[in-house]
Protein chains: 2
Amino acid sequence: MNKRNLQKQRIMRFFIDAAKEIIKTEGIKNITARRVGETAGYSYATIYNYFKDMNTLLTYCAFDFLEDCYEHVITFKDDKWDCKEQLIIYNIEFFKYFAENPEIFKLVYLEDLGKIPEELSKRPSISRLILDNLNESSKKGYLQKNSIDLLLELMGASIHGKLLFYLNRPNENQDLDFVLQVIEKEIEFLLNNNEVKNYE
Amino acid sequence: MNKRNLQKQRIMRFFIDAAKEIIKTEGIKNITARRVGETAGYSYATIYNYFKDMNTLLTYCAFDFLEDCYEHVITFKDDKWDCKEQLIIYNIEFFKYFAENPEIFKLVYLEDLGKIPEELSKRPSISRLILDNLNESSKKGYLQKNSIDLLLELMGASIHGKLLFYLNRPNENQDLDFVLQVIEKEIEFLLNNNEVKNYE
DNA sequence: TAATTTTATTAACATTGTTAAGTATATTAT
DNA sequence: ATAATATACTTAACAATGTTAATAAAATTA
């Protein structure tokens with residue numbers, strides 16, 4: 001019976017959207033089953049008819065946010081850019097998305113969500129976007145082909161590490177624009193220094 | 001009255017050690033005021049005579065663990081190593097410390113500890129250790145002097161990002177030895193590719 | 001319309017961090 | 001040494017939380 005399923009998906013969506021809204025405004029620490037229920041227009045206990053527990057609901061939110069992030073970044077894809085510039089833009093916009101939504105970062109990357117439902121694991125990923133770019137950059141001679149994997153891993157780890165420091169170290173109080181500049185410089189450093197020497 | 005203070009420090013230590021033990025064994029999610037009190041040999045309410053709240057106690061634990069981590073890493077300092085090898089060893093041992101103690105990583109880097117008491121902010125830091133090494137590596141010609149800051153930042157962000165993925169992605173189930181190899185390769189990549197050309 | 005299944009709510013429970021009130025212990029003054 | 005006082009600790013209580021069970025309401029089917 002497919003109608004059943006559609007209706008179920010819709011109600012789930014109410015709860016997910018309610019939870020996302022609360023996370024963005026009140027923060028991950030202040031989300032409660034009761035608040036989600038109220039915002040969604042249901043009793044708090046109804047959540048448990050649709051999600052095993054709060055953690056499961058939060059996991060849905062996390063993957064939803066990841067998709068939102070992808071949508072944000074892909075907005076800045078433009079063929080007018082040279083692929084090195086494009087790579088920098090991807091990284092900067094990715095960083096900005098979470099820098100402007102600290103609570104989303106906390107949910108997606110810092111929260112212990114436990115086992116992830118398989119259905120959620122396969123979605124369009126930014127990692128793929130960067131990989132494609134690195135392949136193109138390699139063709140253009142910005143880096144050696146056998147460095148692609150290493151650079152993908154290195155850039156990914158680095159930008160997440162930076163976000164971790166930027167968002168979880170209230171004392172240090174880093175300036176966003178400065179961090180963005182550092183990101184740009186690092187990427188230029190990584191590509192320039194591994195440029196294929198054509199004259200060899 | 002200094003005796004008072006000494007006694008106070010001692011009781012605080014009981015609670016801190018109790019909390020650290022619980023975090024290591026039961027995990028950060030399963031620590032409760034009541035358990036800490038019991039393990040320390042006091043009532044749970046006594047904690048509040050020594051710490052403003054649980055978060056403050058956890059913050060003390062976090063900085064204590066950071067010191068333990070430093071102690072662990074410094075163990076592997078040895079003049080027999082070339083400074084590039086030494087740099088790899090520092091990074092690998094740092095990674096291993098948290099890889100073997102996931103709950104410590106969660107507390108130190110992922111937990112939202114709020115404002116950090118000033119007294120805790122100044123401790124021997126691994127970042128300093130790496131910086132010294134990079135300066136030495138630069139003298140030996142493994143990298144250019146004006147790349148030191150960038151590499152320090154890049155390596156630091158990268159290794160924390162890797163830890164984040166390694167410890168918070170139970171589905172992906174990465175192999176520790178493989179990650180350690182990647183770390184080694186990345187450092188070699190970063191130093192080799194920026195070697196100062198002496199013949200220029 | 002009656003019977004049944006599905007969906008949602010209310011009430012209750014155990015656990016949590018934290019506080020206030022009270023009790024024991026140690027310190028000081030006489 | 002004993003009374004007065006300050007310090008250290010505990011017990012009891014509170015409100016908030018996630019979750020479940022019992023119950024009511026609504027929708028579907030017969």
Side-chain angles (χ1 to χ4, degrees), chain A residues 1-23 25-62 103 106-107 111-115 117, chain B residues 1-23 25-62 103 106-107 111-115 117:
Chain A
M1 189 137 290
N2 216 330
K3 203 168 73 175
R4 276 265 165 285
N5 212 314
L6 174 68
Q7 287 173 351
K8 191 180 160 186
Q9 298 294 329
R10 266 207 281 260
I11 312 282
M12 285 175 83
R13 175 57 42 199
F14 293 148
F15 285 117
I16 293 169
D17 287 341
K20 283 174 74 180
E21 187 55 32
I22 294 169
I23 289 163
T25 56
E26 317 264 329
I28 184 69
K29 267 165 104 181
N30 294 100
I31 196 170
T32 68
R34 279 157 178 87
R35 248 213 267 273
V36 172
E38 192 182 28
T39 306
Y42 289 89
S43 160
Y44 48 86
T46 308
I47 295 167
Y48 295 88
N49 294 336
Y50 294 90
F51 301 91
K52 184 179 153 291
D53 52 26
M54 280 297 284
N55 234 320
T56 308
L57 171 56
L58 291 181
T59 305
Y60 275 83
C61 293
E103 295 300 327
K106 285 183 196 169
L107 168 65
E111 205 68 14
D112 194 351
L113 296 169
K115 211 94 192 102
Chain B
M1 191 134 291
N2 216 329
K3 203 167 73 174
R4 277 266 165 285
N5 212 312
L6 174 67
Q7 287 172 350
K8 192 180 161 187
Q9 298 295 327
R10 266 207 280 260
I11 312 282
M12 287 175 81
R13 174 59 39 199
F14 293 149
F15 285 116
I16 294 170
D17 286 341
K20 284 174 74 181
E21 187 56 31
I22 293 168
I23 289 163
T25 56
E26 317 263 329
I28 185 69
K29 269 165 102 181
N30 294 101
I31 195 170
T32 68
R34 279 159 179 84
R35 249 213 266 272
V36 171
E38 192 182 27
T39 306
Y42 288 91
S43 159
Y44 48 87
T46 308
I47 295 167
Y48 295 88
N49 293 335
Y50 294 90
F51 302 90
K52 185 178 154 289
D53 51 27
M54 280 298 284
N55 235 320
T56 308
L57 170 56
L58 290 181
T59 306
Y60 275 82
C61 292
E103 296 301 326
K106 286 184 195 167
L107 168 66
E111 206 66 12
D112 194 350
L113 296 169
K115 212 96 191 99

Between [atom2] on [N] and [atom1] on [X], what's the gap in Å once rounded to a whole number?
X: B/L6; N: D/dA8; atom1: CG; atom2: P; result: 13 Å
X: B/R10; N: D/dT7; atom1: CZ; atom2: P; result: 18 Å
X: B/I31; N: C/dT15; atom1: CD1; atom2: P; result: 18 Å
X: B/Y44; N: D/dC14; atom1: OH; atom2: P; result: 13 Å
X: A/F15; N: D/dT19; atom1: CZ; atom2: P; result: 14 Å
X: B/K8; N: D/dT7; atom1: NZ; atom2: P; result: 12 Å
X: B/R34; N: D/dT11; atom1: CZ; atom2: P; result: 12 Å
X: A/N55; N: D/dT19; atom1: CG; atom2: C1'; result: 13 Å

Out of [options], whichever nucleotide has its closest atom nearest the side chain of [X]:
X: A/Y50; options: C/dT7, C/dA12, C/dT16; result: C/dT7
X: A/I11; options: C/dA8, D/dA13, D/dT20; result: C/dA8
X: A/A33; options: D/dC9, C/dT9, D/dG18; result: D/dG18
X: B/A45; options: D/dT19, C/dA20, C/dT9; result: C/dA20

Return no unless some side-chain N or O of B/Y42 is found under 4.0 Å from OP1 or OP2 of D/dA8. no

Short side-chain N/O contact to D/dT10 OP1/OP2 from B/T46, under 4.0 Å: yes

Contact class for [X] vs. all strands (heavy atom < 4.0 Å): base, sugar-phosphate, or nothing?
X: B/I47; value: nothing
X: A/L57; value: nothing
X: A/T32; value: sugar-phosphate

In terms of the angle between their ring planes, are A/F15 and A/F51 parallel, tilted or perpendicular, with boundaries placed at 30° and 60°? perpendicular

Just checking B/E38: does its CD atom have more than 12 heavy atoms from other residues, nucleotides or ligands closer to it than 6.0 angstrom? no

Closest nucleotide of DNA chain D for A/Q7 versus for A/D53: which of these residues is on the 5' side? A/D53

Nearest-0.5 Å distance, OG1 of residue B/T32 to CE of residue B/M54: 6.5 Å

Euclidean distance, A/D112 CG relative to B/E111 CD, rounded to 0.5 Å: 10.0 Å

Quiz question: going by heavy-atom distance under 3.5 Å, is there a donor-acceptor pair between the base of D/dA8 and the side chain of B/N49? no

With side-chain contact (heavy atoms from CB on, under 4.5 Å) as the test, pick out the partner of A/L58 among A/V36, A/I31, A/D53. A/I31

